[in-house]
Amino acid sequence: MNSRTSNGPTPEPREAAPTLSVRGLTKVYGPRATMLRRNAHRLTAVDAVDLDIAPGTTLGLVGESGAGKSTVGRLVLRLIEPDAGKIDLLGTDIAGLSRGELRRMRAKATMIFQDPYTSLDPRMPIKDSVVEPLLVHGGHSRSERYEKALAMVRRVGLGDAHMERFPYEMSGGQLQRVAIARALITDPSFIVCDEPVAALDVSTQAQVINLLNDLQQERGISYLFISHDLRLVRLIADEVAVMRHGKLLEKGDAVRVFEEPEHEYTRELLAAIPGRSPRSRRFGGLAGCDGETGTADLRQEVA
Amino acid sequence: MTALIADTAGTDDAVMRARDLTVEVSTEHGWVTIVDGVNLTVRRNEIVGLVGESGSGKTVTSLSVMGLLPRNARITRGSVEVMGRTISTLTERQLTEVRGVQAAMIFQEPRRCLNPAFTVGDQVAESLRRHRGWSRKRALQRTVELFELVEIPQAARRVKQYPHEFSGGMCQRVMLAMALACDPMLLIADEPTTALDVTVQRQVLELIRRLQAQLGIGVLLITHDLGVVAEMCDRVSVMYAGQVVEEADADTLFHEPKHPYTSGLLQSMLEPTQRGRPLGYISGLVPPPHLFPATCRFQERCSYAVDSACRTTVELHQVSPAHSSRCARIDDLKLPGVTD
């Protein structure tokens with residue numbers, strides 16, 4: 001499907017069981033019916049979503065705020081409990097796992113959050129933040145843990161000096177690298193990346209995306225890459241799923257979805273990507289603009 | 001302090017002009033220069049983009065235009081004029097005549113700028129009542145018209161609602177209505193769509209562009225998204241470490257950049273066409289203000305830097321009358337721009 005997945009050292013053949021397989025995933029928020037209140041303000045945040053991610057590949061989950069993307073990301077790791085649906089993660093149905101089993105599972109399936117300033121403990125030096133998952137999962141001596149942490153910190157492009165620093169002493173891009181190191185230290189085969197570069201500067205975004213791509217090739221990790229920025233998803237995803245109002249509208253091969261979107265909403269999202277130069281403007285209704293890409297539908301919506 | 005209505009704002013249509021603007025802030029390292037000798041002009045009927053990474057000084061520049069610098073900051077050299085009035089010489093009272101009436105500003109997070117306890121209509125009308133002395137009724141009537149101008153549907157009903165009843169995009173429209181209430185000639189938009197969804201971003205940007213053309217105002221658009229700049233701007237100034245490093249009309253800047261930093265930003269632009277090719281990026285970080293070097297400030301991160309030429313202070317050189325770059329190797333470098 002994609003050249004990148006085939007040149008990388010894929011640990012398992014393509015026909016192997018999917019890393020993640022989700023059927024009918026549903027999450028409903030709002031008060032449950034009580035004696036006094038029936039079904040008041042119920043919100044179906046995720047509505048019967050089916051997803052599959054093959055080993056060593058990336059599924060890009062796109063949609064606007066409130067679409068339920070992040071909820072899906074949390075549900076598939078059972079950070080929140082689903083109301084319905086079946087989640088097979090790394091060949092295990094995680095619905096039946098006990099707390100301890102779930103914790104062990106999370107060594108193999110981890111998460112990177114949007115804002116590294118809030119996802120790292122401000123009072124912990126970087127080395128402790130990176131080591132912490134190993135501590136939780138046990139099985140290493142103190143010196144082994146720090147050796148592994150140092151190797152990982154170096155792998156994500158930081159120096160030895162960074163190990164002793166605190167989050168406030170570092171930039172957003174560096175902290176996101178720390179978050180990646182922390183997610184990788186237990187050698188996971190699946191990572192949920194929830195808007196991992198949304199809080200970063202453009203020049204830094206590129207570095208983090210490149211790093212994620214390299215790590216995937218090196219280790220055959222699968223990503224669920226959640227983003228509202230289709231330009232990013234295009235760069236990293238093998239397959240794309242488009243969500244809106246909790247429902248999956250379209251999914252398929254990334255190239256196909258970008259080149260021949262089937263759903264009207266996907267086309268709308270694609271039309272909202274800004275052009276790359278003043279000569280290829282894509283927005284309609286602009287005085288003195290020479291772009292002409294199919295934008296009539298949007299203009300109507302604005303008017 | 002007497003001549004309030006200054007000379008006719010120069011010979012051209014400049015609505016805002018910064019000359020050699022230099023701003024210092026008080027930090028633990030003493031007074032540190034964070035904006036250094038910035039020249040910037042916005043004329044009527046144009047959108048000027050101010051681009052740079054966080055820490056490049058773009059927001060501080062815009063705040064000094066509005067006379068909104070915090071107390072620990074001071075302008076030490078140069079000046080800012082809005083419609084011909086020099087901001088630093090004005091009293092607080094005179095400043096309120098500039099803010100809102102001659103120049104207005106919208107910000108990144110519209111919801112944070114609105115008071116949740118008052119209706120949006122009251123908040124927009126406030127500016128008309130205060131600056132124009134209009135009655136409540138008259139101001140509210142005009143607010144409905146303004147809501148129609150910024151394309152808020154059912155304007156008459158919406159003015160009576162509270163901010164929590166508006167989506168992010170609609171809040172930004174309310175902010176635009178508020179900004180445009182007293183017919184300013186300059187609109188400063190500081191990352192106006194960064195917090196918005198892509199489809200909403202598109203609608204708000206299209207609206208800003210339409211209003212700019214319709215009202216004939218000048219817009220200073222501050223953003224780090226070069227895609228937004230490509231769509232919106234007529235001219236662009238790129239800032240790095242407190243200095244303008246390149247300025248040109250948008251087309252020239254994107255296709256024939258003359259500064260390695262601009263070129264690097266263009267290479268790191270997300271390109272929605274192919275997967276797998278590693279993105280270009282600029283290694284390293286913007287130095288903190290107290291460590292701005294006296295040499296070319298980009299030198300440390302620049303892949304074109306040579307010892308001889310780049311170890312000196314570099315001035316803005318003119319490439320052509322409307323294009324200048326702060327690069328010592330301006331004549332012998334051929335830098336990549338975007339390819340269409």
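Each chain gets a letter, A, B and so on, in the order the sequences are listed, and its residues count up from 1.
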Under 4.5 Å from a heavy atom of chain A, the part of B/Thr194 involved: neither

Heavy atoms of other groups near B/Arg112 CZ, more than 12 under 6.0 Å: no

Distance (rounded to the nearest 0.5 Å) between B/Met269 CE and A/Gln205 CD: 11.5 Å

Closest non-hydrogen atom pair between B/Gln201 and A/Pro274, with its separation: NE2-CG, 4.1 Å

Part of B/Asp249 lying under 4.5 Å from any heavy atom of chain A: neither

Region of B/Leu253 in contact with chain A, defined by heavy-atom distances below 4.5 Å: neither

Spacing of A/Gln207 atom CD and B/Ser283 atom OG [to the nearest 0.5 Å]: 7.0 Å

B/Arg209 to A/Arg281 - nearest heavy-atom pair and separation: NH1-NH1, 3.6 Å

Atom CD of B/Glu300: over 12 foreign heavy atoms under 6.0 Å: no

Side chain / backbone / both / neither for A/Leu232 at chain B, heavy atoms under 4.5 Å: both

Closest contact, heavy atoms only, B/Val338 versus A/Ser277: CG2-CB, 3.5 Å

Closest approach of A/Phe283 to B/Glu231 (non-hydrogen atoms, all atoms of both residues): N-OE1, 3.2 Å

Shortest non-hydrogen contact between B/Ala230 and A/Gly275, atoms and distance: CB-O, 3.8 Å

Gap between atom CZ of B/Phe254 and atom CZ of A/Arg279 - 0.5 Å precision: 11.5 Å

Those residues of residues 233-240 of chain B, ordered by number, that approach chain A below 4.5 Å (heavy atom to heavy atom): B/Cys233

B/Gly227 versus A/Arg231, closest heavy-atom pair with distance: CA-NH1, 4.2 Å

Spatial distance of atom CG (A/Leu200) from atom OG (B/Ser54) [nearest 0.5 Å]: 9.0 Å

Contact class of A/Ser65 relative to chain B, heavy atoms under 4.5 angstrom: both

Spatial distance of atom OG1 (B/Thr199) from atom CD1 (A/Ile273) [nearest 0.5 Å]: 11.5 Å

Neighbour count >12 (heavy atoms, 6.0 Å) for atom CZ, A/Arg155: yes

